[in-house]
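Below is one structure, written out as structure tokens, with a few remarks after it.
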Amino acid sequence: MIIKDLNQYSLNSEENKEAIANLSKNPFPSRKEEIWKYTPFKKFKKINFHNQENFKIKGLDTFNLPNLDGIVIVFENGRYNSKLSRIVETDEINISLSSDVFPRNNFNTIKKNNYFSSLNSSFLTNSVLVNVSSNTKINKNLNFINIVSSNNCLSNTKFSIVINDNSNINVRQYFLGNTSISNGFINHENNIYLNSSSSLSIDKFQDLNNNFNFCNEFITQKNDSKFIMNTFSCSGIIVRNDIISDVNGENCHTELNGVFSPTKDEHIDNHTTINHLVPNCKSFENYKGVLKENGVGVFNGKVIVHQDAQKIEAFQNNNNILIDQDSIIYSKPELEIYADDVKCSHGSTTGQFDDEALFYLRSRGLSIKKSLQLMTLGFINEVIKKTSNLEYVDFVLKRLLKE
Amino acid sequence: MSDILIEIKDLKCRIDNQNILQGLNLKINKGEVHAIMGPNGSGKSTLSSVLAGNDNYEITKGSITFLGEDITEMSPEERSWKGMFLAFQYPVEIPGVSNINFLRTALNERNKYFGIDSIPAKDFLKMVSEKSMLVGLDNKLKNRSVNEGFSGGEKKRNEIFQMAMLNPKLAILDETDSGLDIDALKIVANGVNKLKSSKNATVVITHYQRLLDYIVPDFVHVLHEGKIIKTGDKSLALELEKKGYDWLKTDAAI
């Protein structure tokens with residue numbers, strides 16, 4: 001991949017300089033490395049990525065997003081679009097936007113040595129830091145909408161959130177690319193920090209069409225906190241999520257769920273790592289893949305139970321349906337356990353829909369398309385029902401089922 | 001308008017190079033109840049699958065004319081829209097899909113085919129509660145996933161409930177009596193009888209005469225080696241119950 005117009009990016013801060021130094025140390029990943037083995041980098045080839053200054057989107061209506069009552073933060077082509085955003089600051093929630101400063105405070109417990117993360121830090125255009133005060137319950141969803149609206153545009157964006165003690169909030173993240181746009185690339189990073197007894201749920205929706213989206217996500221959890229992330233990946237040339245979660249306090253609940261539905265040569269890649277560093281925590285992971293028409297999916301989940309992290313309960317599950325003969329899934333659930341008193345399991349299944357079931361539905365008057373949709377719905381229902389809002393579920397389903 | 005609902009002429013079909021139906025003829029008029037009996041492996045379930053449009057079977061000869069139209073090449077869904085219904089011998093479990101959602105989709109797909117608006121939620125729910133009473137289907141089952149974790153009897157009741165919702169012109173009941181206890185059998189038969197009219201017809205496929213005590217047939221056919229070898233009235237079923245099939249097989253051989 002080629003990145004043009006480097007001088008257009010803000011390269012002033014010390015952090016940028018350091019990141020650029022890191023970037024030069026980190027070579028572009030090779031498919032010889034295990035975690036990059038299936039990612040089709042050749043799709044990046046010959047694309048001249050550039051930096052786009054202009055906003056093109058007039059309004060959010062075309063995206064039909066569900067219920068945008070709460071705070072709305074819109075990034076377009078990597079830049080904060082104030083016209084489309086709605087930020088109300090209160091004592092409870094503080095939002096700071098910056099172009100070249102990004103929070104370094106207590107986030108760096110996790111080692112970030114991945115190329116795309118360094119690329120992000122080097123050429124970061126805008127970032128947002130959300131700080132939720134202690135003892136606060138935010139009722140309305142916080143919406144973070146990240147859109148690419150220009151061909152070949154590279155956006156490096158960052159969303160950081162700190163939830164302080166005894167607080168909770170729900171976040172919806174949207175990564176969107178218009179059908180008329182191609183080869184845009186949102187290279188995003190989520191930095192998430194949960195303090196004691198806090199709770200955060202993120203519903204992440206990725207619908208990039210002919211564009212790319214990588215998300216590097218770093219989560220740190222302190223004691224008694226609850227973190228849930230539901231990732232719905234509908235489309236994109238390559239969509240890749242790398243979630244690394246450090247559970248660094250006792251009695252935490254960590255839950256990662258996802259549905260991905262690549263079609264037409266799309267590639268959707270989910271990598272997760274949950275580091276259980278301390279005892280008495282629970283983690284749950286459930287990903288469902290629905291693949292057709294040369295769609296390729298990857299699930300690589302890893303749970304690491306560190307030494308002395310006793311009484312951990314960790315469950316990991318990945319189920320996939322190949323709707324036709326031409327799609328591919330690479331599924332690799334992994335467990336690394338260095339403690340001796342734990343309850344962990346992992347599993348993976350891949351199969352096809354039952355012909356008899358298809359005939360049954362058709363004999364009741366459902367077309368093949370409707371029958372497959374209904375069976376798909378049944379298959380992903382377990383994950384979908386984690387999100388309780390009906391309007392949101394409808395929105396997600398329409399895109400996942402490609403209605 | 002003719003009274004003929006369906007006419008099957010010289011129907012031959014096979015699966016995996018094995019011939020199953022070997023020249024079957026059958027004509028069913030509106031308002032009639034036909035029973036099809038026969039020994040294991042005679043082709044009864046194949047007949048029902050072929051009529052419903054299961055494309056695992058290859059039709060090598062003959063025709064099926066349903067409401068004046070040849071349907072041998074027609075998809076299962078289109079047959080359903082036109083009024084064909086098959087109650088499965090082994091209803092399929094569809095995890096994660098609620099019975100209600102499934103039926104609403106089915107009705108709406110048919111409405112779409114005929115260019116009619118979707119059925120309003122209120123009317124639909126009213127219909128559901130009416131029709132489920134017919135077969136005494138437990139309220140909870142309607143909201144559960146299709147057939148998932150249903151007992152054998154509940155699955156069969158659910159088939160008749162679906163039949164009631166779709167109100168077909170031709171209902172084929174493939175061994176609906178199997179797996180039912182006597183009380184459930186009465187309820188299911190009663191439901192089928194209530195759905196009977198002068199405009200529709202029912203085909204009952206069964207091994208046992210008992211069901212025919214409750215759903216009384218106008219005609220009883222004996223299927224053997226893919227052909228109907230004898231047709232009679234309801235007394236034929238009683239005779240079969242006493243004498244078995246062997247005497248007919250010998251007759252057919254001659």
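Lettering follows sequence order; numbering is per chain, from 1. Not measured: the values here are computed from a predicted model.
Separation of atoms CH2 (B/W81) and CG (A/L366) is listed at 8.5 Å; rounding is to 0.5 Å. Rounded to the nearest 0.5 Å, atoms CZ (A/R362) and CG (B/D55) are 6.0 Å apart. The line from OG of A/S363 to CG of B/L51 is 12.5 Å long, rounded to the nearest 0.5 Å. The CD1 atom of A/I368 lies 7.5 Å from the OG atom of B/S75; values are rounded to the nearest 0.5 Å. The distance from atom CG of A/L358 to atom CG of B/N54, rounded to the nearest 0.5 Å, is 10.0 Å.
Counted within 6.0 Å of CD on B/E73, heavy atoms from surrounding residues, nucleotides or ligands total 12 or fewer; the atom is thus considered open. Within a 6.0 Å sphere centred on NZ of A/K226, heavy atoms belonging to other residues, nucleotides or ligands number 12 at most. Residue-environment remark: NZ (A/K282) stays at or below the threshold of 12 foreign heavy atoms within 6.0 Å. Within a 6.0 Å radius of CG in B/D16, other residues, nucleotides and ligands contribute 12 heavy atoms or fewer.
Among B/E93, B/Q162, B/R79, the residue with the largest count of heavy-atom pairs under 4.5 Å with chain A is B/Q162. For the set B/N56, B/L103, B/V97, B/L166, the count of heavy-atom pairs under 4.5 angstrom toward chain A peaks at B/V97.
At distances below 3.5 Å, at least one donor-acceptor pair connects side-chain atoms of A/R364 with backbone N or O atoms of B/L86.
Among residues at least two apart or in separate chains, salt bridge (Lys or Arg N to Asp or Glu O under 4.0 Å) pairs with a member in residues 383-396 of chain A are A/E255-A/K386.
Aromatic pair B/Y90/A/Y360: ring centres not closer than 6.0 Å.
In this structure, chain B has a heavy atom under 4.5 Å from the side chain of A/D354, while its backbone stays farther away. Of the atoms belonging to B/P91, heavy atoms from both backbone and side chain fall under 4.5 Å from chain A.
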With side-chain contact (heavy atoms from CB on, under 4.5 Å) as the criterion, how do A/L361 and B/V92 come out once you've worked through the C-alpha distance, each side chain's angles and the decisive distance to 0.1 Å? CA-CA 9 Å; A/L361 295 177; B/V92 184; over 6 Å; no

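Below 4.5 Å, heavy atoms of chain A meet heavy atoms from B/T105, B/A106, B/E109, all part of residues 104-115 of chain B.
Shown here are the side-chain hydrogen bond (donor to acceptor under 3.5 Å, both in side chains) partners of A/S199, two or more places apart in sequence or in another chain: there are none. Every residue was checked against the ring pair (Phe, Tyr, Trp, His ring centres under 6.0 Å) condition with A/H267, not counting sequence neighbours, and none meets it.
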